[in-house]
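Inspection log for the structure reproduced underneath, given as structure tokens.
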Amino acid sequence: MKLVYFAWVRERIGKTDETIALPEGIATIADLVRWLKTKGEEYEYAFENEAVVRAAIDHVHVKPDAPIAGAREIAFFPPMTGG
Amino acid sequence: MSVIRIQAEPFDSAAETEALTGGRGDIGATVAFTGFCRDEGGRLSALELEHYPGMAEAEIARIAGDAEERWPLLGLTVIHRFGLIRPGEPIVLVLAASAHRQAAFEAASFMMDYLKNRAPFWKREHLTDGTTGAWVEAKAEDDAAMERWI
């Protein structure tokens with residue numbers, strides 16, 4: 001599964017994207033965030049305020065309870081400031 | 001029916017209007033909104049816009065589809081730039097066409113309110129002293145502006 005990061009989430013984690021092998025029992029976006037936060041302090045920093053970071057599965061906005069089974073690409077990013 | 005472009009290059013609002021309306025007799029109204037980069041009282045040398053390629057197009061297309069369901073539009077063009085944009089340069093264009101003005105006014109406003117909250121773009125400030133400033137924070141009033149359409 002490919003993870004992609006944008007803006008300050010990307011800067012805090014220190015990479016634009018990565019491919020991960022998902023461990024058992026990770027069913028939702030919230031599960032994935034919880035697991036990523038165990039991977040190192042850069043992830044802890046990026047997700048220190050979990051309610052702020054947004055997620056998308058295969059280019060569609062999703063909530064933290066969204067199931068991730070079958071996802072090709074999951075993105076994490078700050079609230080958007082375009083326009 | 002909508003035209004959506006995500007590009008680094010500037011755009012010409014008048015040319016886009018001509019492209020949308022040229023040779024047609026059914027359009028009675030167009031509303032063009034252009035968002036520009038401000039210098040914030042001389043503090044900024046540029047805004048840097050990061051985007052999520054693929055999702056930016058897809059999300060704007062979804063918002064445009066919603067607008068086309070809500071209003072009887074005869075055309076809709078959305079252009080959003082990325083990269084380094086200097087004060088005075090345009091960032092975003094929403095151009096809505098309809099038979100009567102109300103649909104074009106409302107659809108353009110709806111597009112901008114949703115685009116600001118849901119299109120995956122992020123602004124970062126570049127300062128006139130040569131340093132790179134902070135990421136622009138999302139505003140609560142932009143959230144509220146979107147809520148009024150629900």
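A note on names: the letters A, B, ... follow the listed sequences, proteins ahead of strands, and every chain is numbered from 1.
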field: His59(A)/Tyr52(B) aromatic ring centres below 6.0 Å
entry: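 That pair passes the under 6.0 Å test.
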
- prompt: So His51(B) and Phe6(A), side chain to side chain contact (heavy atoms under 4.5 Å, CB included) or not? Walk me through it.
  reply: CA-CA 8 Å; His51(B) 76 300; Phe6(A) 294 95; over 6 Å; no

Check the surroundings of atom [atom1] in [X]: do more than 12 heavy atoms from other residues, nucleotides or ligands lie under 6.0 Å from it?
X: Arg38(B); atom1: CZ; result: no
X: Glu141(B); atom1: CD; result: yes
X: Glu41(A); atom1: CD; result: no
X: Arg72(A); atom1: CZ; result: no
X: Arg70(B); atom1: CZ; result: yes

4.5 Å side-chain heavy-atom contact, Lys116(B) and Met80(A):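 They are not in side-chain contact.
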
field: Heavy-atom check, side chain of Thr81(A) versus side chain of Arg124(B), under 4.5 Å
entry: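 No; the side chains remain at least 4.5 Å from each other.
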
query: Does any heavy atom of chain A fall under 4.5 Å from the side chain of Arg118(B), the backbone, both, or neither of them?
result: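 For Arg118(B), backbone and side chain are both near chain A.
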
field: Structural part of Glu57(B) lying under 4.5 Å from a heavy atom of chain A
entry: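 Answer is neither: Glu57(B) stays 4.5 Å or more from chain A.
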
message: Does the plane of the ring in Phe77(A) sit parallel, tilted or perpendicular to the ring in Trp122(B)? Use 30° and 60° as the thresholds.
response: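 Plane angle between 30° and 60°, so tilted.
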
- prompt: Of the backbone (N, CA, C, O) and the side chain (C-beta and beyond), which part of Val4(A) lies under 4.5 Å from a heavy atom of chain B, both, or neither?
  reply: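 Just the side chain, heavy atoms under 4.5 Å.
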
message: Checking Val60(A) against Arg62(B) for the side chain to side chain contact (heavy atoms under 4.5 Å, CB included) test, could you report, in this order, the C-alpha distance in whole Å, the side-chain angles of both residues, the deciding distance, and whether it holds?
response: CA-CA 10 Å; Val60(A) 178; Arg62(B) 280 189 285 271; 3.6 Å; yes

- request: Verify the cluster assignment for Tyr43(A) and Trp35(A): are they in a single hydrophobic cluster under the rule of side-chain heavy atoms below 4.5 Å apart?
  value: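 Per the 4.5 Å side-chain linkage, Tyr43(A) and Trp35(A) are co-clustered.
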
- prompt: If two hydrophobic side chains count as joined below 4.5 Å and joins carry through other members, does Tyr114(B) share a cluster with Trp71(B)?
  reply: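 In one cluster with Tyr114(B): Trp71(B), yes.
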
message: I'd like to know which of Leu49(B), Val136(B), Asp142(B), Val94(B) tops the heavy-atom pair count under 4.5 Å against chain A.
response: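 Counting heavy-atom pairs under 4.5 Å, the top option is Val136(B).
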
